Number of protein chains: 2
Amino acid sequence: MRDERRPTLTDVAERAGVSKSLVSLVMRDEPGAGAETRRRVLEAAGQLGYQPDSRARLLRSGRSRLLGVVFGIQHPFHADLVTGLYTAARETGYELALSAVTADRDEAEAIAGLLQDRCEALILLGPHSSAASLARLSGRMPVVSLARPVRHTGVDVVRSADAEGSGLAVDHLAGLGHTAIAHIDGGRAPGAAERRRGYRAAMDRHGLTGRILPGGLTESEGAAAARALLADPPTAVTVFNDRCATGVLDVLSRNGIAVPDELSMVGYDDSSLARLAHINLTTVAQDVTTMTRSALTRAIARVQNEPITRREIIVPPHLVVRGTTAPPA
Amino acid sequence: MRDERRPTLTDVAERAGVSKSLVSLVMRDEPGAGAETRRRVLEAAGQLGYQPDSRARLLRSGRSRLLGVVFGIQHPFHADLVTGLYTAARETGYELALSAVTADRDEAEAIAGLLQDRCEALILLGPHSSAASLARLSGRMPVVSLARPVRHTGVDVVRSADAEGSGLAVDHLAGLGHTAIAHIDGGRAPGAAERRRGYRAAMDRHGLTGRILPGGLTESEGAAAARALLADPPTAVTVFNDRCATGVLDVLSRNGIAVPDELSMVGYDDSSLARLAHINLTTVAQDVTTMTRSALTRAIARVQNEPITRREIIVPPHLVVRGTTAPPA
DNA sequence: CTGAAAGCGCTAACAA
DNA sequence: TTGTTAGCGCTTTCAG
């Protein structure tokens with residue numbers, strides 16, 4: 001039963017008693033077919049369970065209408081971004097082709113897979129490739145870097161105003177009365193430099209002395225930083241991202257340091273992690289909806305050769321106050 | 001510069017001074033071309049930066065050599081499975097097409113996308129669709145359910161021996177001297193029923209009285225269960241999965257209950273979460289490598305119409321002892 | 001070992 | 001409004 005050939009456009013045409021072109025038009029919802037014909041075609045297609053073959057369709061039309069997305073399968077924030085991209089892709093006429101970076105599959109490999117699928121543009125989530133190789137890639141097709149700045153005029157960038165985001169966190173804590181505010185940074189991770197810079201600037205603005213501890217983007221790096229913090233704890237800390245903050249939280253609670261009573265903490269990303277009731281992390285939210293919509297719009301604009309003015313789209317973040325911040329004791 | 005047409009097989013043939021068929025053979029590493037010809041073709045292809053168009057190739061050959069994978073983008077364990085699948089797919093001659101289930105994109109939609117791509121088989125990670133709709137699907141193409149049992153003869157299943165896995169956890173705890181061992185379950189999640197059954201059986205075997213608390217597969221469900229536990233804590237607990245266990249851990253440490261000194265805990269999955277230094281969770285490891293390799297092998301076997309004896313492949317789990325279990329105080 | 005020719009399923013010109 | 005025709009880039013017979 002499984003080996004019956006799939007119905008083709010020709011089958012539908014025969015059954016409906018019309019030509020292939022008519023069927024083609026109807027299936028694509030293009031004008032140029034009479035109401036009665038349209039009905040007959042759809043009926044025939046329905047009876048046969050016809051589904052157009054995208055490969056043939058795209059081969060003929062010379063385009064794939066496919067947007068490649070490279071993401072890190074272990075990154076919770078990338079999960080949020082992919083979710084947003086799928087939503088944004090609805091009704092655009094473009095499909096997403098996902099390609100994951102895993103422990104065993106690097107970015108180059110993930111990109112290579114998409115190239116073979118003839119994607120028309122690439123959206124890379126927090127890409128790690130060098131600016132040079134991204135530049136080379138952008139010579140072949142439009143490339144949008146999402147959530148990581150890239151210093152090359154050929155590559156579009158959509159990202160949060162990370163410096164500003166860090167500033168929001170510091171402002172919030174300073175507003176609560178904190179003066180000893182540390183920052184656990186993200187090392188060389190995408191966005192980390194910006195967030196560090198924003199932290200420093202905001203501390204200066206408030207006339208406070210900053211203190212930056214090396215962190216990273218994973219829980220264990222956060223835990224390590226937290227242990228370093230225990231010797232001489234500040235009253236508040238801003239952390240590179242939520243995942244790292246989770247590690248910090250864990251070490252603090254194991255060492256009997258109450259959050260927020262003894263120590264306030266602000267994360268970054270507003271990932272699903274932060275929203276969990278038992279974590280309930282005050283955090284800087286990247287506007288995922290706007291970011292993903294912008295990335296998609298930009299990719300499509302490039303594909304369609306529309307004129308573009310600003311290469312970088314910078315989306316303002318906002319603070320989400322939850323349960324991990326309070327005035328100092 | 002971006003608008004140069006991509007080189008085609010014909011371009012390569014012209015440049016190498018041979019016919020299209022030869023180029024085709026050489027590109028596919030098929031026998032039937034002389035060494036010198038082969039060299040010339042590869043040289044020409046290299047110079048032009050030629051990459052075969054998979055659409056055209058597959059259109060012509062009538063097959064897509066594509067295996068569809070449906071996964072939940074918010075599930076850490078699915079991330080591990082996808083990682084394994086990519087690795088297993090190496091050298092098989094098949095490619096993976098990823099389709100994610102998100103908050104805004106359900107399983108049916110994810111599957112529909114893959115159908116249009118003409119995947120030859122589907123691998124569904126912990127699918128939520130009804131047995132009936134999976135059965136219908138399996139009438140069209142081979143379907144492998146990974147990490148969830150499906151009661152239908154048309155659907156292949158690859159999963160852990162979950163009952164046995166729960167047993168391992170209980171045996172370990174009982175071996176340490178625990179007698180008050182509770183289980184926080186996974187409700188209706190894939191595998192939960194099996195794990196519950198295994199827990200009960202093992203408790204019986206040890207002559208112990210069981211206690212099952214409703215949990216779930218997320219951190220917050222774990223946290224809720226943990227709060228229920230606080231009133232009358234056992235000395236040990238086995239938890240449906242690592243993610244849920246993380247939530248439990250968090251509530252315990254916030255309430256000053258030391259793990260493992262006052263309470264031992266065993267998770268399930270050995271997800272990357274469990275391996276984090278600050279969590280360091282004793283857990284039941286599903287053999288991801290074997291599971292993903294089996295799922296892939298099975299899917300390919302079905303595609304190639306090989307005879308198959310056992311519809312279900314059940315992979316034994318094993319215990320990974322880390323830092324959250326110790327003898328009772 | 002090599003080449004010529006047919007055609008996968010579809011879309012886009014064009015003609016009717 | 002409808003049908004006809006010619007390929008998209010590739011693989012696959014089948015001759016040479």
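Worth saying up front: this structure is predicted, and the values here are computed from it rather than measured. Chain letters run A, B, ... following the sequence lines, proteins first, then strands; residues in each count from 1. Hydrogens, waters and symmetry mates play no part in the numbers below; they use all other heavy atoms, side chains included.
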I'd like a table of atom pairs between the protein and nucleotides 12-16 of chain D - only N or O on both sides, under 3.5 Å - with the distance next to each one.
| from | atom 1 | to | atom 2 | distance (Å) |
| --- | --- | --- | --- | --- |
| D/dT12 | OP2 | B/Arg28 | NH1 | 2.9 |

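- Looking at A/Ile73 and A/His78, their side chains never come closer than 4.5 Å, going by heavy atoms from C-beta outward.
- The backbone N or O of A/Thr83 lies less than 3.5 Å from no partner atom in the side chain of B/Thr102, so there is not a single donor-acceptor pair.
- The CG-C1' distance, from A/Leu58 to C/dA12, rounds to 15 Å in whole Å.
- Relative to the side chain of B/Ala33, the nucleotides C/dT2, C/dT11, C/dC8 differ in distance, and C/dT2 lies closest.
- To the nearest angstrom, P of D/dT4 lies 11 Å from CG of A/Leu22.
- Side chains of A/Glu107 and A/Ser129: a donor-acceptor N/O pair is present below 3.5 angstrom, by distance only.
- Backbone-only engagement by B/Gly34 is indicated by non-hydrogen atom pairs under 4.0 Å involving sugar-phosphate atoms exclusively.
- No side-chain N or O of B/Arg15 forms a donor-acceptor pair with one of B/Tyr50 less than 3.5 Å apart.
- You'll find the side chain of A/Leu67 reaches within 4.5 Å of the side chain of A/Leu296, heavy atoms only.
- Atom pair B/Glu30:CD and C/dG3:P shows a separation of 17 Å (rounding to whole Å applied).
- Side-chain contact annotation: B/Thr87 with A/Asp104, donor-acceptor N/O pair under 3.5 Å present.
- In this structure, the CZ atom of B/Arg118 is 9 Å from the C1' atom of C/dG9, given to the nearest Å.
- OP1 or OP2 of D/dT11 lies within a sub-4.0 Å distance of a side-chain N or O belonging to B/Arg57.
- Taking atom CG on A/Leu9 and atom P on D/dG3, their separation rounds to 13 Å, with Å as the unit.
- One can place CZ of A/Arg63 at 14 Å from C1' of D/dC8, the figure rounded to the nearest angstrom.
- Nearer to the 5' terminus of DNA chain C, by closest-nucleotide assignment, is the contact made by B/Pro31 (compared with the other of A/Ser54 and B/Pro31).
- Between D/dT1 and A/Thr37, no contact under 4.0 Å exists linking OP1 or OP2 to a side-chain N or O.
- Rounded to whole angstrom, the span from the CZ atom of B/Arg40 across to the C1' atom of C/dC1 amounts to 13 Å.
- The salt bridge (Lys or Arg N to Asp or Glu O under 4.0 Å) search around A/Glu14 returns none, not counting sequence neighbours.
- Closest-nucleotide positions on DNA chain C for B/Ser19 and A/Thr10 were compared, and the one nearer the 5' end corresponds to B/Ser19.
- Listed pair A/Thr8 / C/dG9 fails the phosphate criterion, with no side-chain N or O lying under 4.0 Å from OP1 or OP2.
- In this structure, the CG atom of A/Asp53 is 12 Å from the P atom of C/dC8, given to the nearest Å.
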